[in-house]
Amino acid sequence: MKSNLAVMAAAFGIFVSPYPIQAIILSAFSSMSTENFTSQLPLDITQVPSSLDDDAQDFAFQAGSAKNLESLFIQSTPVYETIFVKESTGLFVPACSDRSFWDAYSIPSFYVDAAYYFNANPMADWSDGAFLRFVTTGDRQSGQSMMWARQVRLPYLVIAECKFYNGTFLPTIESDLVSVATQRSWAYPSADPNLLYFNGTQYFMDLSSAGIAENLGLALYLMNSQLSTETTDVVKQALYTRVFNPLKNSFNGTAPWQWWVTAQSNHVAVVWTGVLVAAFCVIENAEDRKFFVDKAIYFSPNYLGSFVNDGFASEGVGYYNYGFGNYALLRQTLYEGTNGTYDAFASPKAYESALFSKEFGISNNNAANFGDCHFDVFFETGIVRIIDRSFIDMQVSGFPIPKRSDGLYLAYYLPSLVPENTPFVPGVTTPGMNSLRRYYNKSGVLTVRPNTLNDGQGLGGTFKLGGNKGGHSHNDIGSYVISVNSTKLAGDVGGPLYYDGNTFNSKRYDSPLMNSYGHPVPVVNGHLQSEAKTVLSKKSVKVNAKNFTSSVDSISFDLTGAYNEPNLLSLTRDFIYSRSESKIHITDTVNYSAPCMFEDALISKQHWTFTGNSSGYFSDGSEKLYVEVSSDAPFVMNKTFLSSYKVNFTRVGIYLLEPVIGEATVSFSFSSG
């Protein structure tokens, strides 16, 4: 079954991860009865992937909290006279009634099987208790899983009906549309801590409601005259009540401001996509659609603010997949909806950000997992192919549009049927990962590679000073990732596998996964690093020097300002990457004004074996990374196991035995053999 899933994933653009919701469709068709959907599924499969469960609770919608000062500014946003909105509704493909289009496509049997299963089994019931567990216990997953079990069904049913067009799935589609449209909340529990949405006091947009809106809107458009007037009216009314009217009133200053509009995070791309897809499918008056188009054009580039002005994605690889995948979909939506008069990719900031997926990796399928990015995540093929076609002019046919890791979304699947409709922006070139290095000069992030072949072989790594912005930052100034033959063996272990009530509040950095103790950086006289975003905003750390040649790349970081230790005069970390020797050398030099303790660390998800008092290796059972540790002061090493947010990893501590008086160094030498 696993191999079949991998094959279908490659063919149809489904991102396979350890926690895919779409696995429900393969996991148990042969064994499931007609009992309730959720009761038949393993608990971990019913969970919404944490990559889609963002930091909304940290910025939760607060009614009347700012007296709508933002809205006073919004009223002056421009109307784009040269951008025209098409007259007809609908996006991406013709409605299902156009049989000349739909009969020409072969819908994956994977989707059809899912549709038949959902058609034969009832939708999971709404549960107030599951939703409210976040407020009472901080449990995000129970409510999200309950909600997802209800909304996961609709896209499969709609696609199957479009294929066969014989009414087999229509009663279930109508029932599901009404049930989801009228359920108590479309917002994630974590986005509604004050229960404003839950109690019907105030409707607003979040990641979940965006996904529901776009699926409902596209379902209405695709099903068109097949649906009853009653069903259509219920769904349209829900979209106006929960999406269009609250957002328009927010812009007009008659409703509380929705924080995501001006945020520099994936929220901007995700939510605007949901709003615009629904608007182009449901709002019949072109001028009414133009209102949202103008606002989206003005505000959606805020998403690109999550990138440093050197192309580095501060939210990490996983949230790049989510955020930029949505931005690419938003671009397609606006391009089609304005008859080609607006292209969100036609700016230097857009294509610089897009190329992160082409340039950041150590090699194909191997990239540093800084911040909340999961350890084994790489850039999704669908997004890379969209970028190839949009900028690099690699006319790949049949590629998948950027997609969701939690199942089928209509807005992601439909454009993949017509890849030739992806617009092209000329003049953008890149060597990609076929270069010796990629240096992000504003962030102080350096990826080094053994050769220009991008063959995944040899010793490589990524070293970082900063680039920390937004809600997914870790205290990881000076961190790194080192790999051998595309296997990450030492350094950063990535982000949490789930979120809870403390992930994005004041207790975030109590976790060793997010604070510096769980990163391969020093502990200074018992002090962990200060919050990275604050340190970087004050420019308290810097790149001291760098030198890049064909045989050796070196970079030196000043980490002094990352620690709140009054006796710390200086702390530098020097990286030297020798291609000729196939080695990486890291040296930490500390200087105190008074006697203080000093501790260093090696971090890995892989197994550590000591080969001596000051040496050992990390191994995944196949590849090995050897490490030799040295210092000009006596030290001991020990191994401890850490676990946080279901991430298990090893910390090898290096402890200087005596307080440092003046200067001391600790050095690491890494080699693959």
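Every value quoted in this text rests on a predicted model; they were computed, and no experiment measured them. Each residue takes its place number in the sequence, starting with 1.
Side-chain atoms of Q529 and N515 include no donor-acceptor pair closer than 3.5 Å. Side-chain contact, E359 with T430: a donor N or O sits under 3.5 Å from an acceptor N or O. For the residue pair H527 / E565, a side-chain donor-acceptor distance below 3.5 Å is found, with atom types taken as modelled. Between the side chains of T447 and R438, not a single donor N or O lies within less than 3.5 Å of an accepting N or O. Using a 3.5 Å distance cut-off with no hydrogens or angles, the side chains of N302 and Q264 do not pair a donor with an acceptor. In this structure, a donor-acceptor pair under 3.5 Å is present between the side chains of S511 and S644. S443 and D310 share a side-chain donor-acceptor pair at under 3.5 Å. Residues S556 and D574 have side chains that bring a donor and an acceptor to within less than 3.5 angstrom of each other. Donor-acceptor pairing under 3.5 Å is recorded for the side chains of N309 and K349. For the 3.5 Å distance criterion, the side chains of S473 and N468 qualify, holding a donor opposite an acceptor. For the residue pair D455/Q457, the side-chain donor-acceptor check at 3.5 Å is not satisfied. Side-chain contact annotation: S604 with T650, donor-acceptor N/O pair under 3.5 Å absent. T560 and D558 form a side-chain donor-acceptor contact under 3.5 Å, judged by distance and modelled atom types alone.
Geometrically, K464 does not engage Y480 in a cation-pi contact, judged by NZ or CZ lying under 6.0 Å from the ring centre and within 45° of the ring axis.
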Practice item. Walk me through it: do N366 and S483 pass the test side-chain hydrogen bond (donor to acceptor under 3.5 Å, both in side chains)? Key: CA-CA 8 Å; N366 177 30; S483 69; 3.0 Å; yes
Point to revise | Derivation of the salt bridge (charged side-chain N to carboxylate O under 4.0 Å, His left out) call for D553 and R579 | key: CA-CA 8 Å; D553 290 342; R579 293 184 181 88; 2.6 Å; yes
Check your understanding: Would T572 and N591 satisfy side chain to side chain contact (heavy atoms under 4.5 Å, CB included), going step by step from the backbone distance to the final call?
Key -> CA-CA 9 Å; T572 59; N591 192 359; over 6 Å; no
**Study point:** Pair D620-Q606, side-chain hydrogen bond (donor to acceptor under 3.5 Å, both in side chains): steps then yes or no
**Key:** CA-CA 5 Å; D620 70 335; Q606 314 296 1; 5.2 Å; no
Practice item. Please lay out, stage by stage, how V627 and F618 fare under the test side chain to side chain contact (heavy atoms under 4.5 Å, CB included). Key: CA-CA 8 Å; V627 188; F618 290 110; 4.3 Å; yes
Review point. Going through the checks in order, is the side chain to side chain contact (heavy atoms under 4.5 Å, CB included) test met by L465 and I477?
Key: CA-CA 5 Å; L465 178 70; I477 295 172; 3.9 Å; yes
Check your understanding: After noting the C-alpha distance and the side-chain angles of S530 and Y563, does the key distance pass the side-chain hydrogen bond (donor to acceptor under 3.5 Å, both in side chains) rule?
Key -> CA-CA 6 Å; S530 302; Y563 297 88; over 6 Å; no
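With contacts defined as side-chain heavy-atom distances shorter than 4.5 Å, the pair L657/V636 qualifies. Counting only heavy atoms from C-beta outward, the side chains of Y439 and I555 approach each other to under 4.5 Å. A heavy-atom distance below 4.5 Å is not found between the side chains of H472 and C373. Residues V521 and R573 have side chains in contact (heavy-atom distance under 4.5 Å, counting atoms from C-beta outward). Side-chain atoms of F360 and Y440, non-hydrogen and from C-beta on, do get closer than 4.5 Å to each other. For the pair Y188 and L207, the minimum side-chain heavy-atom distance is below 4.5 Å. Here the side chains of E315 and S265 are in contact, with some heavy-atom distance below 4.5 Å. Annotation: side chain of R449 is not in contact with side chain of N454 (no heavy-atom distance under 4.5 Å).
Classified by interplanar angle (parallel below 30°, tilted 30° to 60°, perpendicular above 60°), the ring pair F598/Y592 is perpendicular. A perpendicular orientation is assigned to the rings of F307 and Y303, their planes being inclined by more than 60° (bins at 30° and 60°).
Heavy-atom neighbours of N564 CG from other residues, nucleotides or ligands within 6.0 Å: at or below the threshold of 12. Within a 6.0 Å radius of NZ in K542, no more than 12 heavy atoms belonging to other residues, nucleotides or ligands are found. More than 12 heavy-atom neighbours from other residues, nucleotides or ligands sit within 6.0 angstrom of CD on E599. In K639, the NZ atom is crowded: over 12 heavy atoms of neighbouring residues, nucleotides or ligands sit closer than 6.0 Å. In the displayed structure, N613 atom CG is contacted under 6.0 Å by at most 12 heavy atoms of other residues, nucleotides or ligands.
In summary, the aromatic rings of F379 and F356 are positioned with their centroids under 6.0 Å apart. If you look at F504 and Y499, their ring centroids are closer than 6.0 Å.
Side chain of K469 to main chain of G305: a donor-acceptor pair is present (N/O by atom type, distance under 3.5 Å, no hydrogens or angles). Listed for the T137 side chain is a donor-acceptor partner under 3.5 Å among the backbone atoms of R133. With hydrogens and angles ignored, the 3.5 Å screen pairs no side-chain donor or acceptor of S516 with any backbone N or O of H519. Distance alone, capped at 3.5 Å, places no donor-acceptor pair between the S540 side chain and the G561 backbone. No donor-acceptor pair closer than 3.5 Å links the side chain of D632 to the backbone N or O of A664. Using modelled atom types, no side-chain atom of N567 and backbone atom of S593 make a donor-acceptor pair closer than 3.5 Å. With S619 contributing its side chain and E623 its backbone, the two residues share a donor-acceptor pair below 3.5 Å. The backbone N or O of G616 sits less than 3.5 Å from a side-chain atom of T611, completing a donor-acceptor pair. Under a 3.5 Å cut-off, the side chain of D476 and the backbone N or O of S479 do not form any donor-acceptor pair.
Partners of T487 by side chain to side chain donor-acceptor pair (under 3.5 Å), not counting sequence neighbours: none found.
The residues D500 and R140 are annotated as not salt-bridged, no charged nitrogen and carboxylate oxygen being separated by less than 4.0 angstrom. Salt bridge D376/K488: absent, no basic N to carboxylate O contact under 4.0 Å. Contact check on D492 versus K605 returns no salt bridge, with no Lys/Arg side-chain nitrogen under 4.0 Å from an Asp/Glu carboxylate oxygen.
When all heavy atoms of G470 and K533 are compared, the closest pair comes out as O-NZ, 2.8 Å. Nearest heavy-atom pair across V481 and A368 is CG2-CB, 3.8 Å. Closest of all the heavy-atom pairs between Y320 and A354 is OH-O, 2.7 Å. Nearest heavy-atom pair across R651 and A601 is NH2-CB, 3.5 Å. When all heavy atoms are compared, the tightest approach of N321 to F378 is ND2-O, 2.9 Å.
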Can I get a per-line list of side-chain donor-acceptor pairs under 3.5 Å for residues 666-673, giving both atom names and the distance, sequence neighbours left out?
residue: S667; atom: OG; partner: T587; partner atom: OG1; Å: 3.1
residue: S669; atom: OG; partner: H585; partner atom: ND1; Å: 3.4
residue: S671; atom: OG; partner: G673; partner atom: O; Å: 3.3

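Annotation: ring pair (Phe, Tyr, Trp, His ring centres under 6.0 Å) contacts involving residues 629-657, sequence neighbours excluded, comprise Y498-Y645.
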